[in-house]
There are 2 protein chains.
Amino acid sequence: MEIIKGGVTAAKGFQAAAAAAGIKYEGRTDMAMIYSEKPCKTAGTFTTNVVKAAPVKWDRMQIESGVKAQAVIINSGIANACTGPEGDRVCQETAQKAGEVLGIEKEGVLIGSTGVIGMQIPMEKLKAGIQKLSEDLGEDAAHGTQAAKAIMTTDTLEKEAAACIEIGGKKVTIGGMAKGSGMIHPNMCTMLAFVTTDAAISRKALRKALQADVQDTYNMISVDGDTSTNDTLLLLANGMAENEKIRYGTPEYEKFLEALHYVNETLAKKMAGDGEGATALFEAKIVGAGSKEQAKTLAKSIVCSNLTKAAVAGHDANWGRILCAMGYSGAGFDPEKVDLYLESQAGKLQLVQNGSALDYSEEKATEILSQPEVTAIADIKEGTEQAAAWGCDLTHGYIDINADYRS
Amino acid sequence: MEIIKGGVTAAKGFQAAAAAAGIKYEGRTDMAMIYSEKPCKTAGTFTTNVVKAAPVKWDRMQIESGVKAQAVIINSGIANACTGPEGDRVCQETAQKAGEVLGIEKEGVLIGSTGVIGMQIPMEKLKAGIQKLSEDLGEDAAHGTQAAKAIMTTDTLEKEAAACIEIGGKKVTIGGMAKGSGMIHPNMCTMLAFVTTDAAISRKALRKALQADVQDTYNMISVDGDTSTNDTLLLLANGMAENEKIRYGTPEYEKFLEALHYVNETLAKKMAGDGEGATALFEAKIVGAGSKEQAKTLAKSIVCSNLTKAAVAGHDANWGRILCAMGYSGAGFDPEKVDLYLESQAGKLQLVQNGSALDYSEEKATEILSQPEVTAIADIKEGTEQAAAWGCDLTHGYIDINADYRS
């Protein structure tokens, strides 16, 4: 696998565009389009929230019917959630309009929305935006990046990742973009992420790959414990790499999965590290676990703990909060066997041995915690399984952003 | 039932004291003692966290053995959690010392600790504190309040409540004190709460009453989603009211339960409203539920949502976050049937009907949200059950307190 620059336009035959439609934000782009020259096999995962946004319902319906998608329309600013029948009509008309301007079936148009819940999207602005997007499509990296910027809400940076592999002498590329930042606690999928590939791949392999990988990537991040109404992850494959078709369970499938995992994990970590108000990406690693599930439950509990996150914000090695968060996770373990370490580019330091404090240097611990990427490692000495979860610190910035988000 | 002033010394035969032992804090009291003239039947509930503090293990052992307790020793500042065998020795020596100075068996001494996890308690200071406490015991309300102040950590106010009932012509009193503030997300019990009564009551009735009431009071509050290692709720009954013994399932039991519920709910709400950095008590009420369990799950999810809590801090009627939090709670309901209201002393306002926004006044909503006690009410129109949960807003104060708690 080779890691490359780029995003949703990295794979062959994919184009993107961004537009300023003035849906809610002024003075910035707020709509994006992804377009594939050829229809794509499509896999998707969506929020498990009982309250589902209209575009989530639309996409699920299309993907479950097995439609080949050829375009994705995304808007930021308004989530189109809790919008009743009018919200559903907005999706219908979005797909209709995009189908017209692109000359494709409306069922081949998927939709993503993110922003305030409960507001209606102004349809005329959205339609004008779709028209503009269709006129500005381009397949270069800059167009991909513009799209990645347009879907941001409180994100501070666009999020892209891409990789390529070789399948039977043919170069196969996977690239994606995502937005995160707040209401991030994905369950079965994530806020908004769009991954494209030119791989020729069976529908079964595509869907299996996505379902499997989501569990170890997007579902292992949390910014604030709030699972959104709009979480959407779409994976589109247009087959234009002309490789021999990848089938589930083959060595080629494993190769594809590796590259997909890289793209997904990179986007997920970028979301965690750019959480609302965050100053650090906070990783929790559980090693020596008896099972993968146990390791995941413990790791996720640590990155979800408000107290632990506030301690990271203060560069305070308050390790008791980490053990406490492991303790209420629901997973069993022996607290008196736990070794705990902090690690970052400033070094690695053991704080706890067999559940009790070592005489470590607080100064060194603070230095480690002052880096932009910080890892807490807990060895629970039960077996050989491990897992990681990603979150961020909890800062004044989070309060600033969310105490008055709508105005 | 009559609501009265007072706390742990309200019931007959109970004395309390506070002392400044200098265990971690300087210039304030940090130890408290509760003493009963007669041995007490005792019920307790404790944290479900896998990581249990040494005093939790000590108290559980004594209570499960059916011992009659006569004293409780509490310290604030250091939690005596994750302290290994040395932590257990501290409990042994605490009970030993208190037993000596009070002239009682050490098994009759219960212990509560709260504060930093992982630090060892300086035993000599603790012993000197116990000596002082035993010399300063008093049965008036002022002594009860001093004890309630001494157990505070980041609490801004002491928390007391008391009520009395009449059982067969005898006055029976129940009073209690609690501390909360951070790492508050009780599961089967709460941070530290101590309730005393002079009721003559069977052990079974006492334990049943506590177990039942905890579910609707302490277990329905959350400050930050972090379930502590030290959660302890103790209920001591010394029988000195000389009423005919209260037995489980009788009308007298129901009367006792009503007064106990008042004391527990009042202490729980005081903890929620005085959460770290809080400026408001935030109540979530679910009405029209199909089952009590469903109502409780939905209500608790709302008060645990960081985004909802931040919106309350900003007096922003961002109701979509409330619906979103209900949606990911794990309880089923039909989002398109939900009516949502905000209520406080400034009035009541409907924001949502059948899942969609009404054209309500944002100004009025902000006025309602600017009060010190705010309630969100969701009618899910499935049945007649209801439940309430209590939390607080999420503010800059929480970050200030927790980004650098230990120093």
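So that the names make sense, note that chain A is the first sequence line, chain B the second, and so on, each numbered from 1. Just so it is clear, the model here is predicted, and its values are computed rather than measured.
- Taking chain B as the reference chain and counting heavy-atom pairs below 4.5 Å, the highest number among A79(A), C82(A), G87(A), A313(A) is found for C82(A).
- Taking the side chain as every heavy atom from C-beta outward, I399(A) and Y398(B) never approach each other to under 4.5 Å.
- In this structure the side chain of K309(A) never reaches within 4.5 angstrom of the side chain of N402(B), judged on heavy atoms.
- When all heavy atoms of G118(A) and A357(B) are compared, the pair lying nearest together is O-CB, 4.2 Å.
- Between P335(B) and V50(A), the closest heavy-atom pair is CG-O, 3.7 Å.
- Take K337(A) and apply the salt bridge (charged side-chain N to carboxylate O under 4.0 Å, His left out) test, not counting sequence neighbours, and it matches no residue.
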For residues 301-308 of chain B, tabulate all N or O donor-acceptor pairs below 3.5 Å that involve a side-chain atom, not counting sequence neighbours.
residue : atom : partner : partner atom : Å
S301(B) : OG   : A325(B) : O            : 2.6
S305(B) : OG   : D226(A) : OD2          : 2.7
S305(B) : OG   : L307(B) : N            : 3.4
S305(B) : OG   : T308(B) : N            : 2.9
S305(B) : OG   : T308(B) : OG1          : 2.9
N306(B) : OD1  : N306(A) : ND2          : 3.0
N306(B) : ND2  : N306(A) : OD1          : 3.0
T308(B) : OG1  : R321(B) : O            : 3.4

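- The minimum heavy-atom distance linking C324(B) with I117(A) is given by the pair CB-CD1, 4.0 Å.
- Both the backbone and the side chain of S356(B) come within less than 4.5 Å of a heavy atom of chain A.
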